[in-house]
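In what follows, chains are A, B, ... by sequence order, proteins preceding strands, each numbered from 1.
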Amino acid sequence: MGLEPFSPDSTIFRDESVLRDGYQPARLIERDTELEQYQSALKPVINGAPPKNLFLYGQTGVGKTLSSRMVVERLIEDQQNIDGVDVQVIELNCKSLNSSYQVAANLINQFRPPTEQIKPTGYPSGMIYNMLFDELEALDATHCLIVLDEIDAIGNDDDILYKLPRANDNENVEDTLVGVIGISNDFTFRDNLSARVKDSLADEEIHFPPYDANELGNILKQRAGEAFHDTSAQRLDDGSYELQSDILEGDVISLCAAFAAQDSGSARQALKRLYKAGDLARDEESDVITEAHVRQADEIVERDKVRDELTRLPTQSKLTLYSLLLLEREDETPSKRNRIYERYVMAAKRIDADVRTDRTIHDRLSQLTLKGFLDVDEQNKGPKGGSYYEYEFSIRADLAQEVLQEDERLAELFATDETSTTLDSF
DNA sequence: CTTCCACAGGAAAAGCCGGGGT
DNA sequence: ACCCCGGCTTTTCCTGTGGAAG
């Protein structure tokens, strides 16, 4: 087959990395209140006082990590001109760390040179904290701020969130003033923290609300100005942006913003759509990004997201979906729980999975509905039928089938299914 | 210091049943 | 009177921990 030669873009993207995750814009917009709050919460540090412990929370893609990084950078820069204050900051993403122990071990390794790294397991839990305290004590600094991103990953084991904020009070560390900044996507995480942690960790809480369509629009304009050819963004006095572009058709930005606002209020989601729309235009060798590209991009992004969530579902939920898929094929949807359960039992037996009771499957169905995969319709026919729910797919059935087929355990259901359609012998 | 086991605590599942709307 | 929803309680299962034993 003939390959097209690679050649750099001349029409759409000037610098597409601007639209990627992790790009740090020169200016973080639409988060003024939060930045201000954050900065003022760190003021004690500059005055040489013990730092406050902070807790930042809000959904993904609302600027928590970026805000934190910017404020911290600014702090480090400014403190250089101030005598008697020397701040060190260490940042740790706790995403794949699910215990206090692992967080502590990783922190220690961040302090140590590569030759003196410790193993991530094996030490008594008391010792690991002492090692961490020793490292903090030995720091050549007056303050140490520890930023723990995605801290909700550590789950219920919140020991370290008690020990670190209290390190000074308990005289574990005396020469360095320690402050903890926790960042979390999970609203319930804070509530589930033990009382002693809640007390010590959250001197101040900063809430990051989702962006509205207008705010997302400005963020997109700001980035678009850098990302695309023949496009420039101008910041106005009121903080909003004005865009001039030969690449982006009129409603492209506001449409991306609207889709993302409706979906989650996440800047990441909005940027993804814009990026994807640009991709589509490039693939078509179009000179402009049109509204149609955005609609198509939205569908793709949305589809990928659903796909992702579906893949992660436990086997029992997938079996439940499979049952509904069978009914859909037989034109029996919407369908009530009993009918779904019949199919479920057969399917579960066939792949040798545990067969749950109908009560449990009922719960699964509610969950799936809550997640937006299914739609439910309440029926009530009185004495000659009673009341019950009818379920049907809210997502496209072929997408569900696609994902289910990829599941190892469910694969054989489809394998036999292709050759003989004996399943509807009931 | 490792390995093994027992135990606890929590989460998922099962079981129970009153209620709601027609 | 029909039917099953959904809250509540009980049971079972699972995982992680700490302590004892090798």
Side-chain angles (χ1 to χ4, degrees), chain A residues 94-106 117-132 151-163 184 186-198 309-324 327 332-394 407 409-410 426:
Chain A
C94 307
K95 192 173 201 158
S96 54
L97 310 174
N98 35 38
S99 68
S100 281
Y101 182 98
Q102 288 175 8
V103 172
N106 273 272
Q117 299 281 298
I118 63 166
K119 291 175 295 176
T121 56
Y123 296 93
S125 59
M127 192 193 285
I128 200 97
Y129 292 122
N130 284 332
M131 289 164 80
L132 179 56
I151 186 62
D152 38 307
I154 69 162
N156 298 323
D157 172 20
D158 52 14
D159 231 26
I160 193 154
L161 294 181
Y162 175 72
K163 293 231 160 71
S184 168
D186 185 350
F187 291 92
T188 61
F189 177 69
R190 196 187 135 279
D191 299 332
N192 293 339
L193 289 171
S194 50
R196 54 174 201 165
V197 171
K198 231 179 275 181
E309 286 173 30
L310 277 178
T311 313
R312 266 196 271 282
L313 247 27
T315 307
Q316 293 293 341
S317 295
K318 285 184 180 171
L319 281 168
T320 310
L321 284 177
Y322 174 75
S323 317
L324 198 59
L327 290 161
E332 298 274 340
T333 49
S335 194
K336 56 183 195 173
R337 176 173 131 194
N338 272 346
R339 309 267 294 138
I340 298 172
Y341 187 66
E342 287 168 16
R343 308 296 152 124
Y344 159 81
V345 173
M346 293 178 50
K349 279 186 181 156
R350 279 184 50 184
I351 66 163
D352 225 14
D354 295 341
V355 179
R356 301 291 174 225
T357 59
D358 62 337
R359 179 70 184 81
T360 303
I361 297 309
H362 167 64
D363 277 344
R364 296 281 171 184
L365 285 167
S366 315
Q367 273 178 36
L368 290 166
T369 308
L370 209 64
K371 289 189 179 178
F373 299 137
L374 304 181
D375 279 332
V376 65
D377 190 21
E378 195 171 352
Q379 296 286 317
N380 198 330
K381 306 226 190 299
K384 46 183 179 308
S387 65
Y388 52 87
Y389 284 173
E390 287 191 325
Y391 294 94
E392 65 186 324
F393 280 107
S394 162
D407 187 282
R409 296 203 64 186
L410 271 77
F426 266 72

Q) When you match A/Ser366 and A/Gly386 each to their closest nucleotide on DNA chain C, which lands nearer the 5' end? A)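 Whichever sits nearer the 5' end wins; that is A/Gly386.
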
Q) Which sits closer to the 5' end of DNA chain C, A/Gly382 or A/Tyr391, going by the nucleotide each is nearest to? A)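 With A/Gly382 and A/Tyr391 compared, the 5'-side residue is A/Gly382.
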
Q. Taking side chain as C-beta onward, heavy atoms only, is A/Tyr341 less than 4.5 Å from A/His362?
A.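 Heavy-atom side-chain distance check fails, nothing below 4.5 Å.
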
Using a cut-off of strictly less than 4.0 Å, decide whether [X] has a side-chain nitrogen or oxygen near OP1 or OP2 of [N].
{"X": "A/Tyr389", "N": "C/dC3", "value": "no"}
{"X": "A/Asn338", "N": "C/dC4", "value": "yes"}
{"X": "A/His362", "N": "C/dC5", "value": "yes"}
{"X": "A/Arg364", "N": "B/dA13", "value": "yes"}
{"X": "A/Thr357", "N": "B/dA14", "value": "yes"}
{"X": "A/Lys336", "N": "C/dC4", "value": "yes"}

Separation of [X] atom [atom1] from [N] atom [atom2], in whole Å?
{"X": "A/Ile361", "N": "C/dC5", "atom1": "CD1", "atom2": "P", "value": "13 Å"}
{"X": "A/Arg337", "N": "C/dC3", "atom1": "CZ", "atom2": "P", "value": "14 Å"}
{"X": "A/Arg356", "N": "B/dG15", "atom1": "CZ", "atom2": "P", "value": "11 Å"}
{"X": "A/Leu365", "N": "C/dC5", "atom1": "CG", "atom2": "C1'", "value": "12 Å"}
{"X": "A/Tyr388", "N": "C/dC4", "atom1": "OH", "atom2": "P", "value": "9 Å"}
{"X": "A/Ile340", "N": "C/dC3", "atom1": "CD1", "atom2": "P", "value": "18 Å"}
{"X": "A/Lys384", "N": "B/dT22", "atom1": "NZ", "atom2": "C1'", "value": "8 Å"}
{"X": "A/Arg339", "N": "C/dC3", "atom1": "CZ", "atom2": "P", "value": "15 Å"}

**Q.** Base of B/dG20 paired with side chain of A/Ser387 (donor-acceptor, under 3.5 Å)
**A.**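 Per atom types, the contact qualifies.
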
Q.
Taking any heavy-atom pair under 4.0 Å as a contact, classify A/Arg359: base, sugar-phosphate, or nothing.
A.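 Since a base atom lies under 4.0 Å of A/Arg359, the category is base.
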
Q.
At 4.0 Å (heavy atoms only), tell me whether A/Asp363 reaches a base, stays on the sugar-phosphate, or touches nothing.
A.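 Nothing, no heavy atom under 4.0 Å.
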
Q | A/Tyr322 OH to A/Ile351 CD1 distance, which is reported to the nearest 0.5 Å | A |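 Those atoms lie 9.5 Å apart.
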
Q | Donor-acceptor contact present, side-chain A/Tyr344 to main-chain A/Arg356, <3.5 Å | A |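 Yes.
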
Q | Nucleotide of C/dC4, B/dT22, B/dA14 approaching A/Thr360 most closely (side-chain heavy atoms) | A |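 Nearest to the side chain of A/Thr360 among the choices is B/dA14.
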
Q: For residues A/Thr320 and A/Ile340, report the shortest heavy-atom separation together with the two atoms involved.
A: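 Closest pair (atom of A/Thr320, atom of A/Ile340, distance): O-CG2, 4.3 Å.
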
**Q.** Residues A/Arg339 and A/Glu332 bridged, charged N to O under 4.0 Å
**A.**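 Looking at A/Arg339 and A/Glu332, the cut-off is met.
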
